Amino acid sequence: METKEAATIKIHVTGFKAFHGVPENPTEAIVSKLKEFISRRGLPSGVSLESCTILETAGEGALPMLYQVLGSGIGEQVIWVHLGVNNEGQKFAIEHQAVNEATFRCPDELGWQPQKLQIIPEDGDISRSRQVIYKSLLFSPNSNFQCQKNISTNFFLGRFVCNYVYYHSLRFAEKKGHKSLFVHVPLFSVIDEDTQLQFVASLFEAFVSTS
């Protein structure tokens, strides 16, 4: 009798370019170096890192590339991991939800500054939110990440570019049966680059026990 192989978990990762106030975005460095890091470290059986993409730090400006990579996700278990920086953060923050509102505190990198704008008008009121599927995946006992004290969950993402991108991703994921997660990371001056790369790799490992 043949044994059916477990479906491969296919992971796609995005980060952002530099933006006003953050001339060196750690997510750009992480995403740029992630494939090489993973090739040396390895991933659990059944998990593959499919793509690493750096987006414009702009609402509408990020969408063409975002939807191009979202559309490339094919498989039974597809997970989107979006990384953004919180330049005042002290921990890794797992974002709990995204809200159907764009209110940018300052213009994005392409000069757009919407105020109380519905991201997807047909979704209704700006208070409409979409919830993250993995609510506590990093606290799995099977996760090898040894700095769980540096992980928190966040219920208020804000209304800037990160929320804008995450709302689109969660909506797309719901339609396709995929999963989407947004994680804010601190600056490298708070948590160094190598530790952040280890964190992202361990995040992938946690998916195995929660899928």
Side-chain angles (χ1 to χ4, degrees), residues 1-16 26-55 62 65-84 92-98 130-148 150-154 157 162 165-185 193-211:
M1 180 177 178
E2 293 185 2
T3 301
K4 185 179 179 180
E5 294 183 1
T8 299
I9 300 172
K10 298 181 178 180
I11 301 172
H12 300 261
V13 183
T14 71
F16 287 104
T27 69
E28 183 172 8
I30 292 168
V31 173
S32 296
K33 298 177 181 179
L34 192 55
K35 282 195 172 183
E36 180 185 354
F37 182 84
I38 292 297
S39 70
R40 289 186 278 110
R41 176 188 171 113
L43 284 173
S45 176
V47 180
S48 65
L49 176 58
E50 296 290 304
S51 71
C52 293
T53 305
I54 299 168
L55 304 174
M65 180 61 74
L66 175 68
Y67 275 100
Q68 180 179 330
V69 294
L70 288 176
S72 69
I74 300 173
E76 293 184 32
Q77 297 189 70
V78 176
I79 302 173
W80 294 98
V81 179
H82 304 290
L83 303 177
F92 302 109
I94 309 302
E95 300 298 344
H96 181 76
Q97 65 180 7
R130 293 181 181 275
Q131 308 293 317
V132 66
I133 293 175
Y134 287 120
K135 294 183 179 179
S136 58
L137 63 90
L138 284 186
F139 303 99
S140 163
N142 295 322
S143 173
N144 292 326
F145 188 61
Q146 58 185 349
C147 299
Q148 290 192 3
N150 285 328
I151 304 169
S152 65
T153 54
N154 185 28
L157 181 57
C162 292
V165 166
Y166 195 22
Y167 191 86
H168 276 277
S169 180
L170 282 171
R171 190 174 189 269
F172 185 93
E174 288 173 11
K175 286 185 174 182
K176 297 295 184 179
H178 298 171
K179 297 183 174 80
S180 179
L181 184 72
F182 197 105
V183 182
H184 266 119
V185 305
E193 179 180 302
D194 187 66
T195 301
Q196 295 213 33
L197 283 164
Q198 291 183 47
F199 162 76
V200 175
S202 293
L203 178 62
F204 299 164
E205 292 166 358
F207 290 141
V208 176
S209 58
T210 55
S211 295

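Below, each value reflects all heavy atoms present in this structure, side chains not excepted, and no hydrogens, waters or symmetry copies. On a predicted model such as this, the values are computed, not experimentally measured, just so you know.
Taking CZ of R171 as the reference point, atom OG of S180 lies at 13.5 Å (rounded to 0.5 Å). Note that CD1 of I11 is 11.5 Å distant from NZ of K179, once rounded to the nearest 0.5 Å. Atom CG of L83 sits about 9.0 Å away from atom CD of Q196, to the nearest 0.5 Å. Atoms CG and CD, on L203 and Q198 in that order, are 13.5 Å from each other to the nearest 0.5 Å. Separating the OG atom in S48 from the CD1 atom in I38 is a distance of 11.0 Å, to the nearest 0.5 Å.
Residues P26 and E193 have side chains not in contact (no heavy-atom distance under 4.5 Å, counting atoms from C-beta outward). Side chains of F204 and I9 form no contact here, defined as non-hydrogen atoms less than 4.5 Å apart. Residues R130 and Q97 have side chains not in contact (no heavy-atom distance under 4.5 Å, counting atoms from C-beta outward). Under the 4.5 Å side-chain criterion, counting only non-hydrogen atoms from C-beta, F92 is not in contact with V200.
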E36 and R41: CA distance, side-chain angles, deciding distance, salt bridge (charged side-chain N to carboxylate O under 4.0 Å, His left out) verdict: CA-CA 9 Å; E36 180 185 354; R41 176 188 171 113; over 6 Å; no
The test is side chain to side chain contact (heavy atoms under 4.5 Å, CB included); show your working for V13 and I30 and say whether it passes. CA-CA 10 Å; V13 183; I30 292 168; over 6 Å; no
Dump the intermediate steps for side chain to side chain contact (heavy atoms under 4.5 Å, CB included) on L181 and H82, then the final yes or no. CA-CA 6 Å; L181 184 72; H82 304 290; over 6 Å; no
Determine whether L34 and L197 satisfy the following criterion, side chain to side chain contact (heavy atoms under 4.5 Å, CB included), listing intermediate values before the conclusion. CA-CA 7 Å; L34 192 55; L197 283 164; 4.0 Å; yes
Apply the test side chain to side chain contact (heavy atoms under 4.5 Å, CB included) to residues F16 and V165: give CA-CA distance (whole Å), side-chain angles for both, the deciding distance (0.1 Å), then the verdict. CA-CA 11 Å; F16 287 104; V165 166; 3.9 Å; yes
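In terms of heavy-atom proximity, L66 sits nearest to L55 at N-CD2, 3.9 Å. S169 and W80 make their closest contact through OG-CB, 4.1 Å (heavy atoms, listed as atom of the first residue, atom of the second, distance). In this structure, L43 and A201 approach most closely via the heavy-atom pair CD2-O, 4.5 Å. Listed here is the closest heavy atom pair of L70 and F172: O-CE2, 3.5 Å. Taking all atoms of both residues into account, the shortest heavy-atom contact from T27 to G84 is CG2-C, 3.5 Å.
Ring geometry for Y166 versus F182: interplanar angle of 30 to 60°, hence tilted.
Here the rule is side chain to side chain contact (heavy atoms under 4.5 Å, CB included) with H12, and of T53, V78, V69 only V78 fits it.
Side chain of T14 to backbone of I54: no donor-acceptor contact under 3.5 angstrom is found. Remark: the backbone N or O of I79 is not paired with any side-chain donor or acceptor of K10 at under 3.5 angstrom.
Every side-chain contact (heavy atoms from CB on, under 4.5 Å) that A93 has, sequence neighbours left out, goes to E95, S152, N154, H184.
The existence of a salt bridge linking K33 and E28 is excluded, since no basic side-chain nitrogen approaches an acidic carboxylate oxygen closer than 4.0 Å.
Less than 6.0 angstrom separates the ring centroid of H168 from the ring centroid of Y67.
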